[in-house]
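Below: the structure, in structure tokens.
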Amino acid sequence: MNSDPHQPLAPPLPAVTTVLFDIDNTLIPTRAIWQSALHAVAARLASAHPGVSAAVIASTYVNTSDRLWGDYDHALAPLGSHTAARRHVWEVALREAGIELGERQLTAHVDDFAHRQMRAIRPVPVTTDAFRRLAQVYQLGVITNGDADHQHAKLKQAGLDPYFETVVCALGNGHRKPHPAPFHRACEDLAVRPEQCLYVGDEWDTDVVGARAAGLHPVWITATGQPPPGSVPATRFTSLASCLAVLCDHAASRPIRETEPT
């Protein structure tokens, strides 16, 4: 697989039986969706609190979210659920922006933010068609650091859920990527060895470095086409679409699996 003339590395596709994917900003462009939802809810909050601008609300939320999710094990994991964590992040951010909401208002606001993001996810026909073709040849799965409820809902909303034979959601289930545990859990679910798997993700440290350390062959989706920040070998694509196109080309020359996912 050679996605870039300056990137000669090619994973050993003849030995690969399984392709695993990250969800956020790999299968689904959640960063852009998140930003759009944030600007909308920040504008709505600013209209109800004239002393605070939408820009201040948005930037305060971004900073608070980065800080608390970056210290997930200490700051958010003790809260017990992804819903409680999301609520806490908003509560802290709004307080730092000078906004205090009542219990009901805060719950409604957090729910609105989540629903706006989920509603913005749409199936992409060319993507779903590529996965239909790939599922005829490869075992497909997902490894995500998100929580089970939201990540399964995202896959369903995107029309991708029928194609994955395992969905490993690390949030609330012990170690998160880049720890090897989620990668090895997916391999166990599909009864394959790590060296039989490609892992496609967008985060260098979490996805590429984590997959390689766990024994999988990493594939890096980097929209900017930037060079790797480290020495870990990984094939590089600038988009999911270009990656899927190459995978489908390889799949076309391989036999259809005897047992396909239902």
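Any value given below was found using the heavy atoms of this structure, including those in side chains, with hydrogens, waters and symmetry copies removed.
- V192 and L140 fall into different hydrophobic clusters, where Ile, Leu, Val, Met, Phe, Trp and Tyr residues are linked whenever their side-chain heavy atoms come under 4.5 Å apart, directly or through other members.
- Put simply, the side chain of L171 reaches to within 4.5 Å of the side chain of Y72, judged on heavy atoms.
- Separating the CZ atom in R133 from the OH atom in Y138 is a distance of 11.5 Å, to the nearest 0.5 Å.
- I28 contributes atom CD1, which lies 6.0 Å from atom CD1 of I23 (distance to the nearest 0.5 angstrom).
- The aromatic rings of H82 and W69 lie tilted to each other, with the angle between the two planes from 30° to 60°.
- Residue V41 is grouped with residue I99 when hydrophobic side chains (ILVMFWY) are merged at heavy-atom distances under 4.5 angstrom, including chains of intermediate members.
- When atom types are taken as modelled, the side chain of N145 and the backbone of A170 share no donor-acceptor pair closer than 3.5 angstrom.
- Judged by distance alone, the side chain of H109 and the main-chain N or O of Q105 form no donor-acceptor pair under 3.5 Å.
- A 4.5 Å side-chain heavy-atom check between T235 and V246 finds every atom pair outside the cut-off.
- The shortest non-hydrogen separation linking G159 to P123 is N-CG, 4.3 Å.
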**OP:** Please report the C-alpha distance between R44 and D112 in whole Å, then the side-chain angles of each, then the deciding distance to 0.1 Å, and finally whether the side chain to side chain contact (heavy atoms under 4.5 Å, CB included) criterion is met.
**Re:** CA-CA 11 Å; R44 185 174 59 79; D112 178 49; 3.2 Å; yes
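- With hydrogens and angles ignored, the 3.5 Å screen pairs a side-chain donor or acceptor of T128 with a backbone N or O of P125.
- Under a 3.5 Å cut-off, the side chain of H217 and the backbone N or O of E195 do form a donor-acceptor pair.
- Here the shortest heavy-atom pairing between A75 and P78 reads C-CD, 4.2 Å.
- Heavy-atom minimum distance, T64 versus V89: CG2-O, 3.8 Å.
- Under the 3.5 Å distance criterion, the side-chain polar atoms of S36 are left unmatched by any main-chain donor or acceptor of A32.
- T107 has its side chain out of reach of V110: every pair of non-hydrogen atoms, C-beta onward, lies at least 4.5 Å apart.
- Applying the side chain to side chain contact (heavy atoms under 4.5 Å, CB included) test between L20 and each of V142, L190, L198 identifies L190 as the sole match.
- The only member of E165, Q139, Q196 that meets side chain to side chain donor-acceptor pair (under 3.5 Å) when paired with T18 is Q139.
- One hydrophobic cluster, built from ILVMFWY side chains closer than 4.5 Å, holds both V92 and V52.
- The SG atom of C243 sits 14.0 Å away from the CH2 atom of W220 when rounded to the nearest 0.5 Å.
- Less than 6.0 angstrom separates the ring centroid of F131 from the ring centroid of F21.
- For R86, the CZ atom is densely surrounded, since the number of other residues' heavy atoms within 6.0 Å is greater than 12.
- Placement of L247 and L160 within a single hydrophobic cluster is found when ILVMFWY residues are connected by side-chain heavy-atom separations under 4.5 Å, directly or transitively.
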Original post:
Can you check salt bridge (Lys or Arg N to Asp or Glu O under 4.0 Å) on E203 and R176, steps first, answer last?
Top reply: CA-CA 13 Å; E203 294 285 346; R176 305 169 76 213; over 6 Å; no
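- T60 contributes no side-chain N or O that, together with a main-chain N or O of I57, makes up a donor-acceptor pair within less than 3.5 Å.
- Distance check: C187 SG to L216 CG gives 4.5 Å after rounding to the nearest 0.5 Å.
- Under the salt bridge (Lys or Arg N to Asp or Glu O under 4.0 Å) test applied with K154, the options D161, D149, D24 reduce to a single match, D24.
- Within 6.0 Å of the CZ atom in R95, the count of heavy atoms belonging to other residues, nucleotides or ligands exceeds 12.
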**OP:** Kindly determine whether D129 and R132 satisfy side chain to side chain contact (heavy atoms under 4.5 Å, CB included), including the steps that lead there.
**Re:** CA-CA 5 Å; D129 183 61; R132 179 187 57 77; 2.6 Å; yes
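- Under a 3.5 Å cut-off, the side chain of N63 and the backbone N or O of S59 do form a donor-acceptor pair.
- With hydrogens and angles ignored, the 3.5 Å screen pairs a side-chain donor or acceptor of D207 with a backbone N or O of D202.
- Across every non-hydrogen atom of A42 and A54, the tightest pair is CB-O, 3.6 Å.
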Original post:
When you look at L244 and L134, which way does the side chain to side chain contact (heavy atoms under 4.5 Å, CB included) test go after all the steps?
Top reply: CA-CA 9 Å; L244 292 177; L134 290 176; 3.8 Å; yes
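- Residues L27 and Q151 have side chains not in contact (no heavy-atom distance under 4.5 Å, counting atoms from C-beta outward).
- Scanning both residues, F183 and P178, for their nearest heavy atoms gives CE1-O, 4.1 Å.
- Panel note: side chain T30, backbone N25; a donor-acceptor pair is recorded below 3.5 Å.
- The SG atom of C169 sits 9.5 Å away from atom CZ of R185, with the distance rounded to the nearest 0.5 Å.
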**OP:** Apply side chain to side chain contact (heavy atoms under 4.5 Å, CB included) to L106 and L94, showing your working.
**Re:** CA-CA 10 Å; L106 179 61; L94 291 176; 4.3 Å; yes
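- For the pair P194 and H184, the tightest heavy-atom approach, listed with the atom from each and the gap, is CG-CD2, 4.1 Å.
- When atom types are taken as modelled, the side chain of Y199 and the backbone of I143 share a donor-acceptor pair closer than 3.5 angstrom.
- Taken to the nearest 0.5 Å, the CD atom of E91 stands 11.0 Å off from the CD atom of E96.
- Using a cut-off of 4.0 Å between Lys/Arg side-chain N and Asp/Glu carboxylate O, D71 and R67 are scored as not salt-bridged.
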